[in-house]
Amino acid sequence: MKILIATDMEGITGVTTWDQVTPGHAEYARFRKHMTEDVNAAIRGASDAGAEDVIIADGHWNGSNILIEELDPRARLNTGSPSPFSMMEGIGENIDGVMFIGYHARNGSPNAILDHTWSSRTVANVWLNDILTGEYGLNAAVAGQFGVPVIMVSGDQTACAQVTELLGDVETAIVKQASSRFAAECLAPDVTREMICMSAERAVQRLAHGDVPEPFVLDTPITVTVEFFTSDMADRATRIPFTKREGTRVSMTVQEMASAYNGFRAMVMLALG
Ligand SMILES: [Zn+2]
């Protein structure tokens, strides 16, 4: 069995502030270590359940957060940016299941640590067809194009709830209970690592038995719609051919999810200016 562990940082053990996930800030050094250890716990669980090959995608910021010198040697690490599949680098038809580690809720969510959708400065909302979603939905749909299901998520209670609402009964490891965007009741690393390891193990066992939710496959053609915070952001995003604009919403319609993902990333990059 081959597993892709797609990672982010906002839903990592103990994280509650931007400083903790921002390279260059003093606090960041502590939390990239925690990110590495949350990921190692998932590798341990997946391997214990029989996964022979584990690929990691470092999906936060510039994709250079996980400390390779502390990485479980059973895994390989996709790191650096830009990569063709970004937060899902390593996805393909040979992957059997995807895990989301350190994930966060979509922008605008109550009781959600550092809730945002891809870019906290530009993106208010994202829809795939008519489904309001966050990074978890974009990334799950990319896996869906390759026929791969998401089988597990770790993060706060709201991130885990949004993933299960969209995808069904995936394994969850709730490492903190958020009470606002910047406050949560956090479990200690010794506790969360055990939870993540157990969830990952159960997820791979369930995958082996065919007892996991279906891959997230969108109806085609796929329309991706981005609502930006301001008009100038929408102005810049509409420089991409074949986009449509309504107010601060810019959309494009394409034939497959990989193109929608590229188009979405291009719109956000342009909007940033
Ligand atoms: Zn992130």
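Atoms within a ligand are numbered from 1 in the order they appear, just like the ligands themselves.
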Visitor: Enumerate the protein N/O/S atoms at a distance below 2.8 Å from the Zn ion (ligand 1), ignoring waters.
Guide: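 Atoms qualifying: Asp8 OD1, Glu10 OE1, Glu10 OE2, His60 ND1.
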Visitor: Check Ile174 against Gln177 and note the closest heavy-atom contact, atom names and distance.
Guide: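 Answer, listing the atom of Ile174 first, then Gln177: CG2-NE2, 3.9 Å.
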Visitor: Which pairs with one or both residues in residues 212-270 pass ring-ring contact (aromatic ring centres under 6.0 Å, His included), sequence neighbours excluded?
Guide: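 For residues 212-270, and leaving out neighbouring residues, the ring-ring contact (aromatic ring centres under 6.0 Å, His included) pairs sorted by first residue read Trp118-Tyr261, Trp118-Phe264.
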Visitor: Please report the interatomic distance CD(Gln157) to OG1(Thr172), rounded to the nearest 0.5 Å.
Guide: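 Gln157 CD to Thr172 OG1: 11.0 Å, rounded to 0.5 Å.
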Visitor: Using the ring-ring contact (aromatic ring centres under 6.0 Å, His included) rule, collect all pairs that involve residues 54-92, keeping only residues at least two apart or in two chains.
Guide: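 Sorted pair list: Phe85-Phe146.
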Visitor: Just to verify, what does Gln145 make a side-chain hydrogen bond (donor to acceptor under 3.5 Å, both in side chains) with, not counting sequence neighbours?
Guide: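 Result, side-chain hydrogen bond (donor to acceptor under 3.5 Å, both in side chains) vs Gln145: Glu256.
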Visitor: So, Asn111 and Thr158: side-chain donor and acceptor under 3.5 Å apart, yes or no?
Guide: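 The answer is no; no qualifying pair exists.
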